**Student:** 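Sharing a structure here in structure tokens format.
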There are 2 protein chains.
Amino acid sequence: MTNGGALKELDETDHALLEAVQRDGRATLSDLAVEIRLSVSATRARLRALEEQRIITAYAAHVDPEAVGYALRAVVRMKVNGPLFDAEVATVLERHPQIVRCLRVTGESCYMMEIVATGLRDLEEITDDLAQIGPISTDLVYEVVADKPTPVP
Amino acid sequence: MTNGGALKELDETDHALLEAVQRDGRATLSDLAVEIRLSVSATRARLRALEEQRIITAYAAHVDPEAVGYALRAVVRMKVNGPLFDAEVATVLERHPQIVRCLRVTGESCYMMEIVATGLRDLEEITDDLAQIGPISTDLVYEVVADKPTPVP
DNA sequence: GATGAAACTCTGTATTC
DNA sequence: GAATACAGAGTTTCATC
């Protein structure tokens, strides 16, 4: 029987594997095997285990928003008065795929969102929608200074 | 000669390809070819072009921070008085891989950061370091409500 | 965890529309 | 620009040690 969920301690080799596959998600098993100094089959077994334990949650290509036409990136903070605005927020998130990230955080019931937009007009449309839910404050992003993978301690 | 950089209009097929490869970064060319209804060689040509134009910037595995021991996630906003604190910020980013994201934004010369930490003690160590650069405000993240790929318009 | 053989995938080149 | 086809190299998979 396969063990789909049980958490095991991650050893140094697992850490190296996670590090490698975050750096290059398209690396072949053979590449990874060389990197972590294991056979291909052992590498595959470990990678599978990490996937099945949902430690690796996905593999994805990164697309540069600017290169596909989003000249702007903004951070929007939104306060909500009541306790549960999950439904309203979910609706807006579904309506606007350009809200690429949304966090619910402490401090005056805030949501923090990251939005990509083709221009100010485009951004305004989304923020107008958000402002219906609660008071917002919008900051434009000058630069993504860092966007790093999860470190493996 | 190959065309490494020139920007071309992306058509529907390119959009479908970007969408597919963001959803599954490990999909084989054959998989992608089926999905976008093109031959393998045409699919490969388009994927190459997207990579060479730096529209696809990377492929990466996503690792769940919680699953590798980071119980906490925090958003830290930092104000800096002077104009260029890039060097100081770069140093802290290098010293703390747990600062997984850093944006430079409008509004009182702010940096916004996302940090993963094993606990409050761990988080405190990083925020103490940041507080040396400028005044900070820290919010804990209750929930990552959404983390979506770049939409292709 | 390693090995090796079979099946599959990728890459480059050539041909045709 | 795209489809088809072919071959060699590389990769994955699985049974076996």
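Keep in mind it's a predicted model, so treat the numbers as computed, not measured. In what follows, chains are A, B, ... by sequence order, proteins preceding strands, each numbered from 1.
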**Student:** Taking only side-chain N and O atoms of B/R48, does any of them lie within less than 4.0 angstrom of OP1 or OP2 on C/dG12?
**Tutor:**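 For C/dG12, OP1/OP2 do have a side-chain N/O of B/R48 under 4.0 Å.
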
**Student:** Rounding to a whole Å, what distance do you find between A/I36:CD1 and C/dG1:P?
**Tutor:**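 Distance, rounded to whole Å: 9 Å.
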
**Student:** Does any donor atom in the side chain of B/Y111 or A/E143 lie under 3.5 Å from an acceptor atom in the other side chain?
**Tutor:**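 Judged by distance alone, the side chains do not pair up.
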
**Student:** If you check every side-chain atom of A/A42, which of C/dG1, D/dT4, D/dT12 has the closest atom?
**Tutor:**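 Side chain of A/A42 sits closest to C/dG1.
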
**Student:** Before giving the answer on side chain to side chain contact (heavy atoms under 4.5 Å, CB included), spell out for A/S137 and A/V76 the whole-Å C-alpha distance, their side-chain angles and the decisive distance to 0.1 Å.
**Tutor:** CA-CA 6 Å; A/S137 75; A/V76 173; over 6 Å; no

**Student:** What is the distance, to the nearest angstrom, from the CZ atom on B/R44 to the C1' atom on C/dA14?
**Tutor:**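 Rounded to whole Å, this separation is 13 Å.
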
**Student:** Measure from the side-chain heavy atoms of A/D31 and tell me the nearest of D/dA3, C/dG1, D/dT11.
**Tutor:**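 Given the options D/dA3, C/dG1, D/dT11, the side chain of A/D31 is closest to D/dT11.
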
**Student:** Measure from the side-chain heavy atoms of A/T28 and tell me the nearest of C/dA2, C/dT9, D/dT11.
**Tutor:**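 Given the options C/dA2, C/dT9, D/dT11, the side chain of A/T28 is closest to D/dT11.
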
**Student:** Is there a side-chain polar atom (N or O) of B/R37 under 4.0 Å from OP1 or OP2 of D/dA2?
**Tutor:**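 Answer no for this pair, as no side-chain N or O of B/R37 is under 4.0 Å from OP1 or OP2.
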
**Student:** Round to the nearest Å and state the distance from A/L32 atom CG to D/dT13 atom P.
**Tutor:**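 Distance, rounded to whole Å: 12 Å.
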
**Student:** Answer yes if B/I99 and A/Y142 sit in the same cluster of Ile, Leu, Val, Met, Phe, Trp and Tyr residues linked by side chain heavy atoms under 4.5 Å apart, and no otherwise.
**Tutor:**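 Cluster IDs for B/I99 and A/Y142 differ.
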
**Student:** Between B/E51 and B/Y59, do the side chains contain an N or O donor and an N or O acceptor separated by less than 3.5 Å?
**Tutor:**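 Note: B/E51 and B/Y59 side chains meet the donor-acceptor criterion.
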
**Student:** Please determine whether a side-chain nitrogen or oxygen atom of A/S30 lies at a distance below 4.0 Å from atom OP1 or OP2 of D/dT11.
**Tutor:**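 Checking D/dT11 against A/S30, a side-chain N or O does come within under 4.0 Å of OP1 or OP2.
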
**Student:** Can you check whether B/S39 has a side-chain N or O nearer than 4.0 Å to OP1 or OP2 of D/dA2?
**Tutor:**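 No, no such contact exists.
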
**Student:** With a 4.0 Å limit, can you tell me whether B/R46 has a side-chain N or O closer than that to the phosphate oxygens OP1/OP2 of D/dG1?
**Tutor:**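 No, no such contact exists.
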
**Student:** Starting at CG of A/L29 and ending at P of D/dG10, how long is that distance when rounded to a whole Å?
**Tutor:**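 The answer, rounded to whole Å, is 16 Å.
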
**Student:** On DNA chain C, nearest-nucleotide positions of A/L38 versus A/R26: which is more 5'?
**Tutor:**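 Upstream on the strand: A/L38.
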
